[in-house]
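First comes the structure, then the notes that go with it.
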Amino acid sequence: MSYDGNGPIVLGIETSCDETAAAVVDTCTHVKSNVIATQHDLHRIYAGVVPEIASRAHLQRILPVVRESLTEAGVTLSQLDAIAVTNRPGLIGSLLVGVSAAKALAWSLEIPVIGVDHIIAHLYAGLLDEEPADFPAIGLVVSGGHSSIFHLQSSIDCELLGKTIDDAVGEAYDKTATILGLGYPGGPALDKLAQQGDDSAHDLPIAQLGRDSLDFSFSGLKTAMLYAVRGQPQKQGNSHVFMRSADDLTPQQIADFAASFQRAAVTALLRKLKTALDRYNVSTLLVGGGVSANSRLRSELTELADKRNLDLRLPEMQYCMDNAAMIAGLASEKFKAKAFDDWSLTASPRMQPTVAGRIEA
Ligand code: KG4
Ligand code: ZN
């Protein structure tokens, strides 16, 4: 261990879902390497992540990915100050692969292991390779598994203000893309197509859940899309079947559906975000998660930040999706606060609430 007080050199490991990732970060935000092995090809035919397949693939990939991240960073194991790992929330079998690898490495090197929350780490992605941000801040996480709003006193001191009560926004994107025949994961394809469509072609529902609520709901939007594209199911014998599919639509009609969906999804996110910003006096807006790569969301957020004079931290494209640089970065802040874990560190499918409604980073 060579820690000199300027910010540690941390190896991060991420295996919470379907990307096996490792990264080396020093002085909290300087990314020296960022290696990601995606499993999309393995899960595509199922149109979703199969947990058992994901864990096995992590096991095969974890050591080569860690090795590559060290080589790319030009850092040896003996130069590391700590090992960081996503230990929650996520698929339990997948998380356990990363946690076991991180503990074994930290134990053998006699350096600390630091478990971090994957969702809060997404909010750190916009700080990587950038100047530090001012706090307090509002944070919006939009991914395949989560849609949440936070109030942050620092990057490691967060309060959950609202979350989705059903589907995550990325999940709604992926399911809608499947309905439109765009493949998996369809978020990026739907985003691209939406840019050629008429976003007022279809009036789709935007859930409110009460004016004061900061929760989201995207399942109604997804179901409305299903019926709009495929029609009402008709009774045939003992079952109900759809009489239409996306194959019956012209390319322009598909683009119009994509654009209308995108308008409704982004409007739903912006409405709740504005309510949170009205309620809390902050100068910084942190955004992260796979859907933060979305073109319409990025441009509406930029407009909102300009109007409200906010320091908007949108991650670079390479840090929007699951990656280990954000894990190592957030863990570096925990390192500075001496928030280490011990060998009892384990994985959990859920976030970890602490006192006074706060969430452990
Ligand atoms: O953060 P992430 O890599 O994984 C989770 O933690 O869930 O997010 C993946 C999600 C997928 O649902 C994917 O379709 C979505 O992010 N996504 C997008 C775009 N790029 C990725 N959704 C909308 N527009 C995009 N450009
Ligand atoms: Zn994620």
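Counting starts at 1 for both ligands and their atoms, in listed order.
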Would you check whether A293 reaches within less than 4.0 Å of ligand 1, judged by its heavy atoms? yes
Atoms of ligand 1 less than 4.0 Å from G145 heavy atoms? 7 (O)
Determine, using ring centers only, whether Y319 and Y124 are less than 6.0 Å apart. no
Which residue holds the protein heavy atom closest to atom 15 (C) of ligand 1, what is that atom called, and what is the gap in Å? V291 CG2, 3.9 Å
Going by the angle between their ring planes, with limits at 30° and 60°, are F216 and F218 parallel, tilted or perpendicular? parallel
Nearest protein heavy atom to atom 3 (O) of ligand 1, by residue and atom, and its distance? D322 N, 3.0 Å
Would you say G289 has any N or O atom under 3.5 Å from an N or O of ligand 1, going by distance alone? no
If you measure from atom 22 (N) of ligand 1 to every heavy atom of S16, C17, G187, which option wins on shortest distance? G187
If you draw a 6.0 Å radius around CZ in R230, do more than 12 non-hydrogen atoms from other residues or ligands fall strictly inside? yes
Ignoring hydrogens, what is the shortest heavy-atom contact between V10 and L80? Give both atom names and the distance. C-CD2, 4.3 Å
Within this structure, what is the NE2-CD1 distance for the pair H146 and I120, rounded to the nearest 0.5 Å? 11.0 Å
Below 3.5 Å, N or O to N or O, backbone or side chain included: is there any such pair between E19 and ligand 1? no
Partner of E14 under side chain to side chain contact (heavy atoms under 4.5 Å, CB included), picked from V85, V116, L95, T86, is T86
Does the N or O separation between M321 and ligand 1 drop below 3.5 Å for any pair? no
Tell me whether the rings of Y184 and H40 are parallel (<30°), tilted (30 to 60°) or perpendicular (>60°). perpendicular
Between I92 and P349, which heavy-atom pair has the shortest distance, and what is it? CD1-CD, 3.9 Å
Decide, counting backbone as well as side-chain atoms, whether H122 has an N, O or S atom less than 2.8 Å from the Zn ion (ligand 2). yes
Where ligand 1 meets G290 - atom numbers and elements under 4.0 angstrom, heavy-atom basis: 1 (O), 2 (P), 8 (O), 16 (O), 17 (N), 18 (C), 19 (C), 20 (N), 21 (C)
Which bit of D174 is near ligand 1, meaning a heavy atom under 4.0 Å away: side chain, backbone, both or neither? side chain
Taking C-beta and beyond as the side chain, do E19 and N323 meet within less than 4.5 Å on heavy atoms? no
Check whether any N or O atom of S295, backbone or side chain, sits under 3.5 Å from an N or O atom of ligand 1, and answer yes or no. no
Quick one: look at H118 and ligand 1, take heavy-atom pairs under 4.0 Å, and tell me if it's side chain, backbone, both or neither. side chain
Residue G144 vicinity, atoms of ligand 1 by number, heavy atom under 4.0 Å: 5 (C), 7 (O), 8 (O), 9 (C), 10 (C), 12 (O)
With respect to R308, which candidate in D306, L312, L310 satisfies the side chain to side chain contact (heavy atoms under 4.5 Å, CB included) definition? L310
So what does the H118 NE2 - the Zn ion (ligand 2) - D322 OD1 angle come to, to 10°? 90°
Report the relative orientation of the aromatic rings in F340 and F335; use parallel for angles under 30°, tilted for 30 to 60°, perpendicular for over 60°. perpendicular
In the protein, which heavy atom is nearest to atom 23 (C) of ligand 1, and how far is it? N294 ND2, 3.5 Å
Using a plain distance cutoff, I'd like to know if H146 has any nitrogen or oxygen under 3.5 Å from a nitrogen or oxygen of ligand 1. no
Who's the nearest protein heavy-atom neighbour of atom 26 (N) of ligand 1, and how far? D191 OD2, 3.0 Å
Please confirm whether H122 approaches ligand 1 to less than 4.0 Å, judged on its heavy atoms. yes
Do other residues, nucleotides or ligands put more than 12 heavy atoms under 6.0 Å from Y227 OH? no
Sub-4.0 Å atoms of ligand 1 with respect to non-hydrogen atoms of G170: 12 (O)
